K.L.:
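Mind having a look at this structure? Questions to follow.
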There are 2 protein chains.
Amino acid sequence: MTNQKKPTKTTLQTLAGKLGISKTTVSLVLKGDGDRYRISRKTQQRVLECAEKEGFVPDFLARALATNKTATIGIIFPDVHESFMSEMLKGIESVFYESDYSLMISTSGFDTEIEDRNIRQMLHKKVDGLILVPYVPIARNNYKHSYMKLLSKTDCPFVFADRLPENAGSLNWIIQDDFEAAEKAVCLLFEKGCRSIGCMSFNLSTSSINNRLEGFKSGIEGCGLPLSSRSIILLDRQDPHSDDITGRLLRDNSLRTEYDGLLITTGGLAHKTGYLLRKALPADKVPVIAKFGRDPDYFDTGMIQIIQPNVNMGIAAARVLLDKILNRDRSPIQKILKSRIIDIGEKNEEKCN
Amino acid sequence: MTNQKKPTKTTLQTLAGKLGISKTTVSLVLKGDGDRYRISRKTQQRVLECAEKEGFVPDFLARALATNKTATIGIIFPDVHESFMSEMLKGIESVFYESDYSLMISTSGFDTEIEDRNIRQMLHKKVDGLILVPYVPIARNNYKHSYMKLLSKTDCPFVFADRLPENAGSLNWIIQDDFEAAEKAVCLLFEKGCRSIGCMSFNLSTSSINNRLEGFKSGIEGCGLPLSSRSIILLDRQDPHSDDITGRLLRDNSLRTEYDGLLITTGGLAHKTGYLLRKALPADKVPVIAKFGRDPDYFDTGMIQIIQPNVNMGIAAARVLLDKILNRDRSPIQKILKSRIIDIGEKNEEKCN
DNA sequence: TTGAAAGCGCTAACAC
DNA sequence: GTGTTAGCGCTTTCAA
């Protein structure tokens, strides 16, 4: 009834007091190192029982301060809306769940300053490792990620996923086979009879997009088709109300009619383009479209889909990071995961939610 | 060249030493309390400069241990794939970004034990607050969330979002107007000429679904239509390969033909149903569908959409939580946010990604 | 105005 | 086998 505000949280000290032994012994036993330090079975037993009875849980912050470890992983995404975020996250979670790590997540909302700040914040909060999906601003060719300097001098292990910043040659990363996937998609379009194949993309100077464009070119050449200045359509704006795909398609007549096949490097752009073309052209004039990204469940777009290994990318990134955290070996690990191409009408497992 | 391993991290102590004053003074000044403690302007100036020069950053864990605050918010989602997660997250982030909080996120993957564990873990990690989107297992009518006990005895403020567990009457929560939205959607179907309106839903005993079902009934009665045992179709499985919508639609002929309007309580289910019905029936026999959830960009489903205020729900939940964290007032805050109904063919802002 | 010192609760090197 | 003790780096009360 008096100032019993504090239910006197059970601490190591409390336990030690109750048992009449020292904090050290208790700590050792509770960590499972009892045998290694040859603490008598009897003592161990008593400690365990008492801890159980008192519902002792070691204070996280105190331990973290002492060990400088937080069992927390930081993850930086460019944006929440990218559908691959949830898939990657699933993969990442599945790995870290086992080891009792928590995930601290932040998105940069397409703003490099925020991205920078978020990375700084995570390092400040002492995450044990970092998974980074870098954001690359559109149409700035020589953009340098300012956080690269920060990262270069941190002890905290990190791994890039999906796309790379500049100079990532000797760092850890997991990406997908953008080049090969684009190449194959072009071949598939060719097999379907397309002879005037174009490629449409946002003009992002990031590795994944670059690789897709290169893969496209290689595919075109591999099929013996000509490559012209009109083969690749680069969009400089993501804003639908300005000089982007809508405007281009409406103004440039030939753009609407000169292709019988189109490789589109991102899903959203593909859906929009498909939507516009279907509106603008008679059905038999709409080019065959191949695109990166999976269609939403239960919507048949009639496009060739390049399915990216997002869940696996998450798993791989998490595993690499865990390895770097646990082992002192800092030699870079780099992986390229395979995509899968789903042909038009090919059976795509159905999901329900 | 020698054992200079440690670049001797700058600490309060270091600074104090360099300046020839005490830690206290430095700490006070750096926290901005210099004036309040009437520390001389000159000293303050010196401290600030020195801290700047040395690039001093207070150690997060040490401060957290001392203050028992982590500037971290825990968020529990049932699953990453629910599209509303990314929208809510956007809202939540927008609020906490300002105040320099980090977000620790975990998903329970439709498993109540994991959900429980995750909450426990977040409390253990000393999050300053918790946003919970509870998972409710399908078809278990009397399910009790075991974490309610845990929460009842924690000091950590928390707020429920989107749906409520049992006994949430006196807790903080933000939900949406499921009842009214369902009711209105039914009226809209009626206005469109539907006279045999059914409702299809997963059989989840959670507040949001219950409210939608009640809203449906109320709407039906409001329109003067009869309510029969066949008005509501409850599905007990989410597994598409078992006795769920697919099976029901294929086996039960009348199910396919007895409705001219359908209210469906979740987006994924609606898309699947629409897909199946369009396949099974001639176009003029497919019932008009109203459903919760927004269609994917650039896909016209021809359904009435009930757009839920997900971003705002995130914002509201975050604000409430922040308020509870900063103020000692613990009286519950509860809000119901409005949904918006988009009629078939109504212009829906287009996005590009 | 400023400083000393007692925490916060745990870890780990070292002593007995 | 078990205990002592010095950190980890910051906050905060109290005294000067």
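Being a predicted model, the structure only gives us computed values, none of them experimental.
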K.L.:
Taking the nucleotide of DNA chain D with the nearest heavy atom to each, does A:Lys23 or A:Arg41 sit closer to the 5' end?
P.N.:
A:Arg41
K.L.:
May I ask you to decide whether A:Asp59 forms a salt bridge with A:Arg63, counting only side-chain N to carboxylate O separations under 4.0 Å?
P.N.:
no
K.L.:
Regarding A:Arg330 and A:Asp155, does a basic nitrogen lie under 4.0 Å from an acidic carboxylate oxygen?
P.N.:
no
K.L.:
Checking contacts here: which listed nucleotide (C:dT1, C:dG9, D:dT2) is nearest the side-chain heavy atoms of A:Ser40?
P.N.:
D:dT2
K.L.:
Among B:Phe77, B:Tyr147, B:Phe110, which residue satisfies the ring-ring contact (aromatic ring centres under 6.0 Å, His included) criterion with B:Tyr135?
P.N.:
B:Phe110
K.L.:
Rounding to a whole Å, what distance do you find between B:Glu54:CD and D:dG9:P?
P.N.:
15 Å
K.L.:
Given atom NZ of B:Lys69 and atom P of D:dT12, what is their separation to the nearest angstrom?
P.N.:
9 Å
K.L.:
So, is B:Ser22 near the phosphate of C:dG3, with a side-chain N or O under 4.0 Å from OP1 or OP2?
P.N.:
yes
K.L.:
Heavy atoms only, 4.0 Å cut-off, all strands: where does A:Ile21 land among base, sugar-phosphate and nothing?
P.N.:
sugar-phosphate
K.L.:
Specify the separation, in whole Å, of atom CG of A:Leu65 and atom P of D:dG9.
P.N.:
7 Å
K.L.:
Applying side-chain contact (heavy atoms from CB on, under 4.5 Å) to B:Leu89 and B:Ile105, what does each step give before you reach the verdict?
P.N.:
CA-CA 10 Å; B:Leu89 208 49; B:Ile105 298 177; 3.5 Å; yes
K.L.:
How would you label the contact of A:Leu61 with the nucleic acid (heavy atoms, under 4.0 Å): base, sugar-phosphate, or nothing?
P.N.:
nothing
K.L.:
Determine: side-chain N/O of B:Arg63 to OP1/OP2 of D:dT11, distance under 4.0 Å, yes or no.
P.N.:
yes
K.L.:
Which whole-number value in Å describes the distance from A:Leu28 CG to D:dT4 P?
P.N.:
15 Å
K.L.:
Using whole Å, what does the distance between atom C1' of nucleotide D:dT12 and atom CG of B:Leu30 come to?
P.N.:
16 Å
K.L.:
Rounded to whole Å, please give me the gap between CD in B:Gln13 and P in D:dA6.
P.N.:
16 Å
K.L.:
Measure from the side-chain heavy atoms of B:Ala62 and tell me the nearest of C:dG9, C:dT2, D:dG9.
P.N.:
D:dG9
K.L.:
Within the structure, does a side-chain N or O atom of A:Thr25 lie under 4.0 Å from either OP1 or OP2 of D:dG3?
P.N.:
yes
K.L.:
When only distance counts, do a donor and an acceptor, one from the side chain of A:Ser27 and one from the base of C:dA12, lie under 3.5 Å apart?
P.N.:
no
K.L.:
Between the base of D:dT4 and the side chain of A:Thr24, is there a donor and acceptor pair under 3.5 angstrom?
P.N.:
yes
K.L.:
Between B:His124 (NE2) and C:dG9 (P), how many Å, whole number?
P.N.:
13 Å
K.L.:
With a non-hydrogen cut-off below 4.0 angstrom, is B:Phe60 in contact with a base, only sugar-phosphate, or nothing?
P.N.:
nothing
K.L.:
Between D:dT12 atom P and B:Asn68 atom CG, what is the distance in whole Å?
P.N.:
11 Å
K.L.:
Check A:Asp100 with B:Arg117, please: is the shortest side-chain N to carboxylate O separation under 4.0 Å?
P.N.:
yes
